[in-house]
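A short write-up of the structure that comes next.
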Amino acid sequence: MTRPIDVGGLSGEKALRLYRGLVRIRRFEDRVYQLFLRGELPGTLHQYQGQEAVAVGTCDALRPDDWITSTHRPHGHALAKGVSMRGAMAELYGKATGCCGGKGGSMHLGDPDAGMVPAIAIVAGGNSVVTGLGLAFKLRSTGQVATCFFGEGATNEGAFHEGLNFAAVQKLPIVFVCENNMYGASTPFHLTSLVTDVADRAAAYGVPAQVVDGMDVVAVRAAVETARARAAAGDGPTLIEAKTYRFAGHSRGDARGYRSRDEEKEWKERDPIDRFGLALTTAGTADEAALAALVAEVTSELDDAVEFARNSPDPDAAEALTDAYATPITIGALR
Amino acid sequence: MTRPIDVGGLSGEKALRLYRGLVRIRRFEDRVYQLFLRGELPGTLHQYQGQEAVAVGTCDALRPDDWITSTHRPHGHALAKGVSMRGAMAELYGKATGCCGGKGGSMHLGDPDAGMVPAIAIVAGGNSVVTGLGLAFKLRSTGQVATCFFGEGATNEGAFHEGLNFAAVQKLPIVFVCENNMYGASTPFHLTSLVTDVADRAAAYGVPAQVVDGMDVVAVRAAVETARARAAAGDGPTLIEAKTYRFAGHSRGDARGYRSRDEEKEWKERDPIDRFGLALTTAGTADEAALAALVAEVTSELDDAVEFARNSPDPDAAEALTDAYATPITIGALR
Amino acid sequence: MTHPAGHAATLEPGGAPSGPERRLTIAEAIREAIAEEMERDDRVFLIGEDVGIPGGFGGAFGVYLGLPERFGRDRIIDTPISEKAIAGAAVGAALMGMRPIPDVQYADFLFECMDELVNQAAKMRYMSGGKLSVPLVMRCPVGTSNRGAQHGQCPESFFTHVPGLKVVCPSDAYHAKGILKSAVRDDDPVLVFEHKLLYGSKGREQAGGLDLTAHVPEEEYLFPIGQAVVKRSGTSVTVVATHLTLYRCLAAAEELSAEGIECEVIDPVSLLPMDTETIFASVDKTSRLLIAHEDTLTGGWGAELAARTAEERLFSLAAPIRRVAAHDVPLPVAPVLEQAVVPSTERIKSEIRSLCEL
Amino acid sequence: MTHPAGHAATLEPGGAPSGPERRLTIAEAIREAIAEEMERDDRVFLIGEDVGIPGGFGGAFGVYLGLPERFGRDRIIDTPISEKAIAGAAVGAALMGMRPIPDVQYADFLFECMDELVNQAAKMRYMSGGKLSVPLVMRCPVGTSNRGAQHGQCPESFFTHVPGLKVVCPSDAYHAKGILKSAVRDDDPVLVFEHKLLYGSKGREQAGGLDLTAHVPEEEYLFPIGQAVVKRSGTSVTVVATHLTLYRCLAAAEELSAEGIECEVIDPVSLLPMDTETIFASVDKTSRLLIAHEDTLTGGWGAELAARTAEERLFSLAAPIRRVAAHDVPLPVAPVLEQAVVPSTERIKSEIRSLCEL
Ligand SMILES: Cc1ncc(C[n+]2csc(CCOP(=O)(O)OP(=O)(O)O)c2C)c(N)n1
Ligand SMILES: Cc1ncc(C[n+]2csc(CCOP(=O)(O)OP(=O)(O)O)c2C)c(N)n1
Ligand SMILES: [Mg+2]
Ligand SMILES: [Mg+2]
């Protein structure tokens, strides 16, 4: 089950970059959970602990000017793609300095500067929209690639089907990354699909697919690198299925009564951070001290982000009425 | 290409029943086209010439109390499932005696007495609705089976995906019959899907599939018979892909400029009626005279249906305002 | 004053007739309604996402907790995340004589199955020349709760524009139970919109300190579709509102009473059909109409009520018809922004005040 | 009388300014608009079902004939029958700075991509805090033509209830061309609803003998979104109508003129935003308002206009606001039934007459 991560050929620099990516997300999510429990954050949360290797491995294989679409569970994707921790944290607080000015919130994190469309919280909503990103890149021959993150639950939506088929037919430069964490909210995938591997659905569209260990950042990165190259070469989309697990509940307040503690334990033994750290130290790519130093840096970054968010102003109430249109329109005059 | 139809083991009675089914649809459609050109019928037409073996083979394998859903091209399905020719013809005329009282029209032919939901003219619209038919039969253990007709073009719609997956997971008693006539309106299937056989999409749902010669009524019947038995036994849905061809344009007034006359000729050589007639006479199952007599009977039935429709009254204009609700409601009071 | 007999007279704020107290939240009342109807009629079943998984949520808002144990998972059917399949299955089963209660978690996700609702459910009876019917009941949670643009919409007004559908918006436990039972027995498709913050499952705090329970009698009762409820009598102005906004209007009414403004507050309960008789009777008395909803202003159901009033009661009006609604923007997530968008008690009060000055 | 300068004064019934005659149908005018915009801006592209197949239809109504030859099939993109993918691709491409013109053949099929339109296209700018925009133009053919319940709807009113979208309904070639070009240049998503029977491709007969051409000048022009057009001046009653119903109102106006009733007929052209300034100015003059549309009555855009008038011009009104619309039923196919549902010239005339008697 817990095959060691193959870090051969990974430079120290790249290794630490990946490790930092994982730790940033984990620490961010853990902190956010505390802040939420303390009542500092409005709304709800869908957290990403356990799945970090998917976001980090994927985004590390992308170009900075590549774009991603994301889901109701976007914190990890946002940090991995380069949304600033300050901008993300302030957005969770609903502050004016948030990456969406406080209008998006947890489920709509995004930032054009980082190449991230505001996350789409409609399950599989990104699967149709991402085709347009790919189409734009293709029509303008920019060499950019679009990546669509989605859960295994999303693969039962019509948008999954239409989006993947259209991307295939048009040979769009897209990488579809399915995070199969085995559950859509409380519902296990096997109750909703007779096929076990989402990857097996790709053949229906003539799309190549690959199952990858989603708890192994190096494996994810390699798979996406290949898929990205294929996409950029004009050979069309690839579907990557990353087998993973969310350590937390579906959303805040989920007591996870629908899955066993044994199952959780098994998956926690494959913790993507512990495993990667162990592999790095074992292989001598990095030492414990380097990793610890890195964690300390992340902690400071996080402290700073929280401080920044807390000290940021609320948006002005009048801001509520801007941004529906490029230029305000007069019917529905707002009063 | 034009493999002879295997009529071995077909009783004379059954053979003539199938032959009659084919001829009824062909003659009906040919007559309807003339009537349309003469301006007797309102609206538009999507005709079924060439595909008769699919409707007839399928419906002959069903029980009378089984139900079907249909498409924008429903005339053949309606006649095959037992909607009366009078009721269908009068509906095309928009008469009060039509099977839907003149409210449905060509694209919504249907009749509960024949086990046919008013045809759904939204492409793939029936693919989600049919699951409810199957679910009702399953929940009430009635032994009935639901059949969904749809085109290959419909398989690119989200409803195809969601409907088939849901039916598979719930093991619903449903037969999905795809009529692959190679075109969705003007668009050839190969421009819209990288897989050639729709049947290859069934694996994504763990559903068994079979490609069948849609110009061979016996082959279609056999495939559906097996699928129906499987469905009734509680083993879930089957996808049958019938390779077929529509001889006419997509709708009235389509000059078919998007396909070659050679291709049309090739397919006309596989005319499901000619071929079946030849097979029957060659095998001695029926003689020319019997077939001719049958055609004459169908012609009378058709003459009668046209006469009936022509002589039927228009609906009363006040009828326009009934049937939106079981009991009229007062907001939106109609004046 | 014309309002349906037997209701308005004995109303307490919660809306239930007086009697021995048995206070339930809306969530409890709805659960009870479903259980009673499932007990009564074996054609009734539930189908949706996360509705019956053991150890799960009992639906996105816990309404179904306990039902799978009682009725079995054949009648509480868990589905893939496939709104078109869910709605389609409901339409198809209803056509075959069943009484499905489909569930897609949030009203925002109805946009994923609009074809099934608008083109199929609403039209099948008509297209069949009246031979078939589609008795389904779709429950749809609406309302903001700091979840942003895709999890807080109140899309009920869209469906009032779909002939063939019925649309109801109960706002308290008594009417929620009674109208849901009527909906299940109705031969046409009914969409029931419920406000998340009024379920009461999370306690009063979430709804700004409101008491979210109401008296629900032990004995069975139905509340008819198409009947409004006068929640508060008054002579100065008629206020028509639903859901959380209704409670804000009631609060505003109490406060304005001190200023000598007496609001007659009406809960329409049903939007399609709407009990304009009760509303017009009130307008005849007060000569002033304010309509309030959390759905956005332009094209909201308030527009239809205003239009009907302007047609049928123009000469009863002493002042313009005023609407208070969510501003015409998507929903922001920041609390300060969200509160600026949806109708607050303050905004309602100042609109009523200015209306009464005219 | 306040209406946008430079338009109403020189109008002929077709709505175009006078000048050397060059009469086009709406279909031709739209084709020209698309071609000009594609020529001008290489970010503009078409995407939809059956839009560019050689030997095919040029879109369901022939509007695109000739464009693939001119612009190549890279910019006239044929798709699978996948409305969600089409709309989704348009949203995504627009987010990336392109100017897509998606096409799903009939407005009835918009219900298959409501999520992409309502939850994504309309909300992306807002959710991003104004950082992104979605400049897409969806052309949507509406209107009955004996095709029944699923091929004749006029669903434009739904979209007037979606903040973030713009909705326009041009009714003649001049305005169709001018507003489509404005829509392509607009930074927000615009839905353009066009009436099938007015395209003019099938000749006058289909539209009941109407001349479906209008003068369209050679030189380039834009017609702004949000500006109404006074099609006929009058003092007795203000009539606001779109599409085929507009022409029926104009015909009714001519006939009523003989009876001494002079209708001021206004084509709003845009529904969201709507030029209420022009309409209210007319109401101030006539004191009477009749709104007519082929979309169904309850919750139709006429309700919003009536509601706004009842709020902002109540005291200008000498009579109730009247609406003439399709009755609240799905569309039947039998001609006699269909004609009983949609507003006829006769029905319009009798409503206007009775309104003017009040
Ligand atoms: C269209 C739609 N239906 C339902 C929901 C409610 N919902 C939010 S997340 C979720 C489960 C998604 O499962 P999956 O795609 O596997 O992603 P995961 O949560 O596991 O990351 C559901 C049902 C939604 N947001 N959108
Ligand atoms: C949702 C939807 N999109 C588009 C259309 C327009 N349309 C009607 S039939 C058709 C082609 C259907 O092709 P196919 O499913 O192969 O059926 P066939 O016409 O070949 O029988 C199209 C695009 C429609 N009716 N519904
Ligand atoms: Mg999952
Ligand atoms: Mg086809």
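Values in this document were obtained by computation on a predicted structure and should not be read as measured data. In the text below, chain A, chain B and the rest are named by the order of the sequence lines, each starting its count at 1. Note: hydrogens, waters and symmetry copies are ignored here, and every other heavy atom, side chains too, is used.
Looking at Pro335(D), the atoms closer than 4.5 Å to chain B (heavy atoms on both sides) all sit in the side chain, from C-beta outward. When heavy atoms are compared at a cutoff of 4.5 Å, Leu191(B) approaches chain D solely by way of its side chain, counted from C-beta outward. Contact annotation for Glu83(D): both backbone and side-chain heavy atoms come within less than 4.5 Å of a heavy atom of chain B. Contact annotation for Leu92(B): neither backbone nor side-chain heavy atoms come within less than 4.5 Å of a heavy atom of chain D. For Asp316(B), the part lying near chain D is the backbone, with the side chain staying farther off; criterion is any non-hydrogen pair under 4.5 Å.
Of the possible polar contacts, one joining the Arg147(D) side chain to the Ser145(D) backbone as a donor-acceptor pair under 3.5 Å is found. Not a single donor-acceptor pair under 3.5 Å links the side chain of Asn165(B) to the backbone N or O of His161(B).
For the 3.5 Å distance criterion, the side chains of Tyr106(D) and Gln150(D) fail to qualify, holding no donor opposite an acceptor.
Looking only at heavy-atom pairs under 4.5 Å with chain D, the residue among Pro42(B), Gly125(B), Ala124(B) that has the most is Pro42(B). Listed options Gly105(B), Ser251(B), Gly102(B) were ranked by heavy-atom pairs under 4.5 angstrom with chain D; first place goes to Gly102(B). Annotation: maximal heavy-atom pairing with chain B below 4.5 Å, among Thr79(D), Leu337(D), Thr144(D), Asp108(D), occurs at Leu337(D). Counting heavy-atom pairs closer than 4.5 Å to chain D, the top residue among Ser186(B), Cys100(B), Gly104(B) is Ser186(B). The most heavy-atom pairs under 4.5 Å with chain B, out of Ala340(D), Ser82(D), Gly148(D), come from Ser82(D).
Salt bridge absent: Lys81(B) and Asp111(B) never bring a charged side-chain N and a carboxylate O closer than 4.0 Å. Using a cut-off of 4.0 Å between Lys/Arg side-chain N and Asp/Glu carboxylate O, Glu194(D) and Arg139(D) are scored as salt-bridged. Looking at Arg73(B) and Glu179(B), no side-chain N of the basic residue comes within less than 4.0 Å of a carboxylate O on the acidic one, giving no salt bridge.
In this structure, His243(D) has its ring center no closer than 6.0 Å to that of His293(D).
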